[in-house]
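Working notes for the structure below.
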Amino acid sequence: QVQLVESGGGLVQAGGSLRLSCAASGRTVSSYCMGWFRQAPGKERELVAAISRSGGNTYYEGSVKGRFSISRDNAKNTVYLQMNSLKPEDTAVYYCAAAETGVVVAVLFEYDYWGQGTQVTVSS
């Protein structure tokens, strides 16, 4: 079992950048497909980005392609989400999650472990 803790959220102006971190404990992140989800008020939780166990394959939701980048540092047991050119519609609580599979998965229910979330607010 793995425990996940997100950090790096905050308030940023439109066009700005943030880097979210997801620190894992209990097991190494290299054992999992890792994903970043977000949930805005009144909306369903959606997958933003995911990275396979090997790091060789990634997935990005359409609206963040070219702006967000997911990466993993197995030595630090941490997964990152670099978010550039932020827009007000990116405002949400961002969650880190782990799926016990090697391939990239894009379905919420396939993720087994979740962090507590970090708030990202983008002002216009």
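Note that these values count all heavy atoms, side chains included, but never hydrogens, waters or copies made by symmetry. Keep in mind the model is a prediction, meaning the values are calculated, not measured.
Summarising the geometry of V93 relative to G117, their closest heavy-atom pair is CG1-CA, 3.9 Å, with the distance given to 0.1 Å. Among all heavy-atom pairs drawn from V2 and A98, the shortest one is CG1-CB, 4.2 Å. Taking each heavy atom of A92 and A40 in turn, the nearest pair found is CB-N, 3.8 Å. The nearest pair of heavy atoms linking A106 to L47 is CA-CD2, 3.3 Å.
Using a 4.5 Å heavy-atom threshold, the side chains of L86 and F68 count as touching. Residues S21 and E6 have side chains not in contact (no heavy-atom distance under 4.5 Å, counting atoms from C-beta outward). Residues M34 and Y80 form no side-chain contact, since every pair of their non-hydrogen atoms from C-beta on lies 4.5 Å or further apart. Residues V122 and L18 fail the side-chain proximity criterion, which asks for heavy atoms closer than 4.5 Å. A 4.5 Å side-chain heavy-atom check between L20 and M83 finds at least one atom pair inside the cut-off. Contact check for E46 versus R38: side-chain heavy atoms found under the 4.5 Å cut-off.
Looking at T78 and D73, their side chains never bring a donor and an acceptor atom within 3.5 Å of each other.
R53 is linked by a side chain to side chain donor-acceptor pair (under 3.5 Å) to nothing, counting only residues two or more places apart in sequence or in another chain. Residues meeting the ring pair (Phe, Tyr, Trp, His ring centres under 6.0 Å) test with Y111, sequence neighbours left out: F37. By the disulfide bond (SG atoms under 2.5 Å apart) test, C22 pairs with C96, sequence neighbours left out. For T58, the side-chain contact (heavy atoms from CB on, under 4.5 Å) partners are I51, Y60, I70, not counting sequence neighbours.
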Evaluation steps, side chain to side chain donor-acceptor pair (under 3.5 Å), between T28 and N77: CA-CA 6 Å; T28 64; N77 216 23; 4.9 Å; no
Evaluate S17 against Q82 for side-chain contact (heavy atoms from CB on, under 4.5 Å), listing each step before the verdict. CA-CA 8 Å; S17 298; Q82 178 67 45; 4.0 Å; yes
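Sorted by first and then second residue, the disulfide bond (SG atoms under 2.5 Å apart) pairs involving residues 25-86 (not counting sequence neighbours) form an empty list. Note on residues 96-117: pairs passing salt bridge (Lys or Arg N to Asp or Glu O under 4.0 Å), not counting sequence neighbours, are R27-E100.
For the atom pair OG (S71) and CG (L81), the distance works out to 8.5 Å, reported to the nearest 0.5 Å. Interatomic distance, Q116 CD to S7 OG, rounded to the nearest 0.5 Å: 8.5 Å. The distance from atom CG of L4 to atom OH of Y113, rounded to the nearest 0.5 Å, is 9.5 Å. A distance of 5.5 Å separates OH in Y95 from CD in Q39, rounded to the nearest 0.5 Å. How far OG of S124 is from NZ of K87: 14.0 Å, rounded to the nearest 0.5 Å.
In the hydrophobic clustering of ILVMFWY residues, with side-chain heavy atoms under 4.5 Å counting as a link, Y59 and V79 come out apart. Hydrophobic clustering (side-chain heavy atoms under 4.5 Å, transitive across Ile, Leu, Val, Met, Phe, Trp, Tyr) groups V120 together with V64.
The backbone N or O of T121 lies less than 3.5 Å from no partner atom in the side chain of T91, so there is not a single donor-acceptor pair.
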